[in-house]
Colleague: 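Dropping a structure here in structure tokens format, bear with me for questions.
Computed from a predicted structure; not experimentally measured.
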Amino acid sequence: PTEPPSPQEHGLDFERLLDASTYKERFRQDMIRWGEEKRHIDPGFFCRAAVEGALQPVWVVSDTRRLSDVEWFRDAYGDVVQTVRVVATEETRKRRNWVFVTGVDDAESECGLDQGVAFDWVITNNGDKVALGEQLEMLVQSLHRSL
């Protein structure tokens with residue numbers, strides 16, 4: 001069997017993997033499988049990659065997917081870690097061309113943080129730019145106060 005594709009190891013078009021295109025969907029399950037294999041060998045593999053070279057006093061690690069990711073950051077950085085969950089209604093997600101795919105959208109990579117994490121912040125992003133801006137401003141102000 002061949003190893004599932006990763007963008008760097010398999011010459012995939014990284015930019016096209018970032019959108020909701022059929023290109024991404026063609027490789028999505030293989031990418032998830034590849035990520036699971038990496039995590040099985042080393043649960044901190046992707047977390048260490050995210051922080052490599054980070055020197056700023058505050059930085060954002062986007063798109064953690066699993067409780068083990070959150071636990072890794074809390075173990076590594078303690079109380080300074082702030083967890084933020086961004087939510088949108090299913091209606092909003094569908095307007096953004098999201099379509100539920102069984103075996104993908106119900107996998108741990110997509111819903112592993114739906115339970116078991118008490119988020120410090122929950123940001124709602126349903127397309128209201130003013131409301132989103134207000135929520136983000138509160139978050140940024142809180143981070144500034146903690147410096």
Colleague: Quick one: CD on E134 to NZ on K129, what's the gap to the nearest 0.5 Å?
Modeller: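 E134 CD to K129 NZ: 14.5 Å, rounded to 0.5 Å.
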Colleague: Applying salt bridge (Lys or Arg N to Asp or Glu O under 4.0 Å), can you list everything that pairs with R95, at least two apart in sequence or on another chain?
Modeller: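 Per chain and number, R95 pairs via salt bridge (Lys or Arg N to Asp or Glu O under 4.0 Å) with E91.
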Colleague: Answer yes or no: is there an ion pair linking R65 with E108, defined by an N-O contact shorter than 4.0 Å?
Modeller: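 Salt bridge between R65 and E108, a charged N being under 4.0 Å from a carboxylate O: no.
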Colleague: Just so I know, are the side chains of D42 and K38 near enough to count as touching, which here means a heavy-atom distance under 4.5 Å?
Modeller: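 No, every pair of side-chain atoms sits at 4.5 Å or beyond.
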Colleague: Which residues satisfy the side-chain contact (heavy atoms from CB on, under 4.5 Å) test with V99, sequence neighbours excluded?
Modeller: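 None.
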Colleague: Are R96 and N125 close enough that some pair of their side-chain heavy atoms sits under 4.5 Å apart?
Modeller: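 Side-chain contact under 4.5 Å: yes.
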Colleague: Are any of the side-chain heavy atoms of L132 and I123 separated by less than 4.5 Å?
Modeller: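 A side-chain contact under 4.5 Å exists here.
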Colleague: Are the side chains of R39 and R66 in touch, meaning some heavy atoms are under 4.5 Å apart?
Modeller: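 When only atoms from C-beta onward are counted, R66 and R39 do touch, with a gap below 4.5 Å.
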Colleague: Donor-acceptor check, side chain of N126 to backbone of T89, threshold 3.5 angstrom: yes or no?
Modeller: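 Yes; at least one donor-acceptor contact below 3.5 Å.
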Colleague: Mind checking the CZ-CG spacing from R74 to L67? Nearest 0.5 Å is all I need.
Modeller: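 So the CZ of R74 and the CG of L67 are separated by 8.0 Å.
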Colleague: Within the structure provided, determine whether W98 and D105 are in side-chain contact (heavy-atom separation under 4.5 Å).
Modeller: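 When only atoms from C-beta onward are counted, D105 and W98 do touch, with a gap below 4.5 Å.
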Colleague: Could you name each residue pair satisfying ring-ring contact (aromatic ring centres under 6.0 Å, His included) that touches residues 60-92, not counting sequence neighbours?
Modeller: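 As it turns out, the ring-ring contact (aromatic ring centres under 6.0 Å, His included) pairs with a partner in residues 60-92, which skip direct neighbours, are W59-Y77.
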Colleague: Identify every side-chain donor-acceptor pair in residues 79-86 under 3.5 Å, counting partners at least two apart or on other chains, and give the distances.
Modeller:
| residue | atom | partner | partner atom | Å |
| --- | --- | --- | --- | --- |
| Q82 | OE1 | W121 | NE1 | 2.9 |
| T83 | OG1 | D120 | N | 2.9 |
| T83 | OG1 | D120 | OD2 | 3.1 |
| R85 | NH1 | L113 | O | 2.8 |
| R85 | NH2 | D114 | OD1 | 2.6 |

Colleague: Sequence neighbours left out, what passes side-chain hydrogen bond (donor to acceptor under 3.5 Å, both in side chains) with E52? Give chain and number order.
Modeller: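 Partners of E52 by the side-chain hydrogen bond (donor to acceptor under 3.5 Å, both in side chains) criterion come out as none, since no residue qualifies.
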Colleague: Distance check, rounded to the nearest 0.5 Å: E110 atom CD versus D106 atom CG?
Modeller: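 Going from CD on E110 over to CG on D106, the span is 9.5 Å.
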Colleague: Under 3.5 Å, side-chain donor or acceptor atoms of residues 136-147 against the rest of the protein: list the pairs with distances, not counting sequence neighbours.
Modeller:
| residue | atom | partner | partner atom | Å |
| --- | --- | --- | --- | --- |
| E137 | OE2 | Q141 | NE2 | 3.0 |
| S146 | OG | L143 | O | 2.8 |

